[in-house]
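We count ligands from 1, going down the list as the structure has it; atoms in each ligand are counted the same way. Computed from a predicted structure; not experimentally measured.
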Amino acid sequence: MKTIAIIGGGAAGMMAAGFAASAPETAVTLFEQNPRTGAKLRITGKGRCNITNDTSPAQCMENVVSNPRFLFAAFHRFTPADTILFFEDRGLPLKTERGRRVFPQSDNAGDVVAVLTRHAEMANIDHRKVVDVDKTKEGFVLTLQDRSQRVFNCLLLATGGMSYPKTGSRGDGYGFAQKLGHTVISPKASLVPLYCKEKDCSRMTGLSLKNVTLTVADEKGKKPVYFERGEMLFTHVGISGPLVLSASALLRDKSLPKTVYIDLKPALTPEVINQRILKDFESNLNRDFTNSLSGLLPKAMIPVVVERSGISPRKKVNTITREERKTVCSLLKAFSLTVTGLGSLEEAIVTAGGIHVKEVNPRTMESRLVPGLYFAGEILDVDALTGGYNLQIAFSTGYLAAKAMTQKKEV
Ligand SMILES: Cc1cc2nc3c(=O)[nH]c(=O)nc-3n(C[C@H](O)[C@H](O)[C@H](O)COP(=O)(O)OP(=O)(O)OC[C@H]3O[C@@H](n4cnc5c(N)ncnc54)[C@H](O)[C@@H]3O)c2cc1C
């Protein structure tokens with residue numbers, strides 16, 4: 001009987017535990033320090049859990065920021081279609097939303113955790129913290145919080161990254177891996193809110209913009225660092241929301257400050273906007289400028305745009321010049337903000353950095369340095385943009401590690 005230990009009852013660990021335990025001649029123990037499995041999963045997608053993205057493995061790789069090639073085998077062996085089938089076969093109906101993002105129909109991340117926990121329960125789940133890991137000639141020796149020790153033939157580290165530490169992901173796995181000889185690429189925050197210089201943001205706190213584009217300019221004349229259409233919101237210190245989180249992943253190694261531009265009307269050309277403004281003005285020529293923009297802008301943005309335009313809010317619309325209209329158009333097409341900082345690791349959706357992928361076999365997730373040691377999920381130096389790709393990484397690498405651990409002959 002082969003004995004397998006998995007540390008971490010998150011997305012990757014639970015996926016691996018069920019598949020490993022369903023193989024013959026294996027005894028699998030999943031160690032999860034929290035009283036319940038899937039603490040982080042429960043808060044994913046604002047409690048709705050964006051399980052995956054209904055796309056091809058190649059598209060998944062395009063949305064991976066660090067080391068996409070490393071995930072080639074994992075994404076092809078356990079694809080987004082396999083993830084969808086996995087949950088639907090186990091009685092969880094799914095739906096696909098804008099951007100091919102897949103959610104449970106119930107909009108409840110707890111239902112995703114329930115399916116994965118039932119799957120993982122094919123293994124023995126031990127709710128104790130692992131405090132130390134060693135490799136001896138007997139195998140992998142795990143020391144638990146009560147100082148008792150257990151020995152296993154194989155070990156899978158699926159302890160996650162370091163973000164949202166209250167969920168239990170505090171980077172323990174990095175220490176275990178380093179002790180066993182692995183290199184850890186310094187953990188960094190990714191998918192974080194952005195801090196902006198302008199006080200305008202706090203005036204619009206909570207305002208959510210749908211169907212806008214966000215452009216991050218690098219050097220003048222060069223291709224933008226980031227350009228995407230979607231949703232974002234203003235916070236008291238800057239901006240956040242799916243578009244902004246993804247942009248932050250591409251900004252993390254850039255020097256700041258950087259200017260970002262929001263196109264509030266991506267479907268309209270400046271000429272069409274000008275016509276719209278004229279039409280709105282003509283409907284009531286004696287209206288004050290500040291009262292004439294409600295057809296074009298959300299309420300909370302009007303005072304900010306009026307102020308930035310330099311036009312007096314009380315100016316009658318019939319006296320507004322063509323040049324002044326042009327200024328308003330420019331503000332709607334390119335509302336600029338200056339990014340001065342990125343959110344911290346505590347508030348990061350994912351951790352960039354982690355186990356150096358050169359030291360891991362991408363076809364099996366087995367360590368190239370320590371036979372019998374495996375990795376899966378966010379602990380690895382891989383991270384993706386928003387859209388369900390990070391959970392797909394956890395599921396694909398967890399599946400691959402489970403298959404490799406159970407098929408491996410010599411231990
Ligand atoms: C707010 C938020 C929203 C997100 N939304 C999405 C989304 O909608 N879609 C998406 O694709 N991704 C999302 N993510 C990212 C995604 O949740 C993670 O990438 C994914 O959960 C990583 O899975 P994992 O199994 O590698 O690690 P984790 O889920 O972090 O699990 C690791 C587990 O290991 C346990 N553990 C750690 N050390 C020990 C130890 N020493 N002993 C025992 N147990 C230990 C921890 O308690 C934890 O339960 C979100 C993340 C956050 C923070």
Is S163 touching ligand 1 with its side chain, its backbone, both, or neither, if touching means heavy atoms under 4.0 Å apart?
neither
Could you list which atoms of ligand 1 come closer than 4.0 Å to a heavy atom of F31?
43 (C), 44 (N)
Out of P187, S163, S169, which one pairs with E378 under the side-chain contact (heavy atoms from CB on, under 4.5 Å) rule?
S163
Candidates V370, V151, D134 - the one meeting side-chain contact (heavy atoms from CB on, under 4.5 Å) with F140:
V370
If only side-chain N and O atoms count, and only distance matters, is there a donor-acceptor pair under 3.5 Å linking D383 with S66?
yes
Pair F176-H182, ring-ring contact (aromatic ring centres under 6.0 Å, His included): steps then yes or no
CA-CA 9 Å; F176 300 153; H182 273 275; over 10 Å; no
Would you say the side-chain atoms of T52 and Q392 include a donor-acceptor pair closer than 3.5 Å?
yes
Proximal ligand 1 atoms for V350, defined as those under 4.0 Å from one of its heavy atoms
15 (C), 19 (O)
Residue R363 excluded, over 12 heavy atoms near CZ under 6.0 Å
no
Hey, are S283 and D280 close enough side-chain-wise for a donor-acceptor pair under 3.5 Å?
no
State whether a side-chain donor-acceptor pair under 3.5 Å links R101 with N53.
no
Would you say G388 contacts ligand 1, with heavy atoms under 4.0 Å as the rule?
yes
Quick check on D383 - does any of its heavy atoms sit under 4.0 Å from an atom of ligand 1?
no
the protein heavy atom lying closest to atom 9 (N) of ligand 1 turns out to be N50 O, 3.0 Å
Should you measure from each heavy atom of G10, which atoms of ligand 1 turn up under 4.0 Å away?
25 (O), 29 (O), 31 (O), 33 (C)
Part of T159 with heavy atoms under 4.0 Å of ligand 1, whether side chain, backbone, both or neither:
both
Tell me: protein heavy atom nearest atom 5 (N) of ligand 1, and distance?
G45 N, 3.1 Å
Please write down residue, atom name and distance for the protein heavy atom closest to atom 10 (C) of ligand 1.
L391 CG, 3.4 Å
Check whether any N or O atom of E32, backbone or side chain, sits under 3.5 Å from an N or O atom of ligand 1, and answer yes or no.
yes
Of all the non-hydrogen atoms in the protein, which one sits nearest to atom 13 (C) of ligand 1, and at what distance?
T44 CG2, 3.9 Å
Show which atoms of ligand 1 fall inside a sub-4.0 Å distance from at least one heavy-atom site of G160.
26 (O), 27 (O), 30 (O), 32 (C)
Using a strict 4.0 Å cut-off to heavy atoms of G377, name the atoms of ligand 1 that fall inside it.
26 (O)
Number the atoms of ligand 1 from 1 as they appear, then name those within less than 4.0 Å of a heavy atom of N390, with their elements.
11 (O), 12 (N), 19 (O)
T213 and R229: side chain donor to acceptor below 3.5 Å
no
Using a cut-off of 6.0 Å, state whether more than 12 heavy atoms not belonging to K197 lie near its atom NZ.
no
Of all the atoms in ligand 1, which lie at a distance below 4.0 Å from a heavy atom belonging to I43?
1 (C), 3 (C)
Which residue holds the protein heavy atom closest to atom 25 (O) of ligand 1, what is that atom called, and what is the gap in Å?
A12 N, 2.9 Å
Protein heavy-atom partner closest to atom 30 (O) of ligand 1 - residue, atom, separation in Å
S169 OG, 2.7 Å
Report yes if the side chains of F395 and F78 come closer than 4.5 Å at any heavy-atom pair, otherwise no.
yes
Does ligand 1 come near enough to A11 that some N or O of the ligand is less than 3.5 Å from an N or O of the residue?
yes
Nearest heavy atom to atom 1 (C) of ligand 1: which of Y164, F375, F103 does it belong to?
Y164
In the structure I gave you, are the side-chain heavy atoms of L337 and T259 within less than 4.5 Å of one another anywhere?
no
Please walk me through it: do E271 and R276 pass salt bridge (charged side-chain N to carboxylate O under 4.0 Å, His left out)?
CA-CA 9 Å; E271 293 70 42; R276 283 266 304 264; over 6 Å; no
Contact partition for D172 relative to ligand 1, non-hydrogen atoms under 4.0 Å
side chain
Looking only at protein heavy atoms, which one is nearest to atom 15 (C) of ligand 1, and how far off is it?
I349 O, 3.8 Å
Quick one: which ligand 1 atoms are inside 4.0 Å of a heavy atom on E378?
18 (C), 19 (O), 20 (C), 22 (C), 26 (O)
What protein heavy atom sits nearest atom 37 (C) of ligand 1, and how far away is it?
G168 O, 3.4 Å
Atom OG1 in T364, atom NZ in K403: separation rounded to 0.5 Å?
14.5 Å
Logged contact type for L41 with ligand 1, heavy-atom cut-off 4.0 Å, is neither
The single option from L209, V306, L331, L332 passing side-chain contact (heavy atoms from CB on, under 4.5 Å) against M301:
L209
Relative to ligand 1, is I7 under 4.0 angstrom through side chain, backbone, both or neither, heavy atoms considered?
side chain
So, T183 and E359: side-chain donor and acceptor under 3.5 Å apart, yes or no?
yes
Under 3.5 Å: N/O of A376 near N/O of ligand 1
no
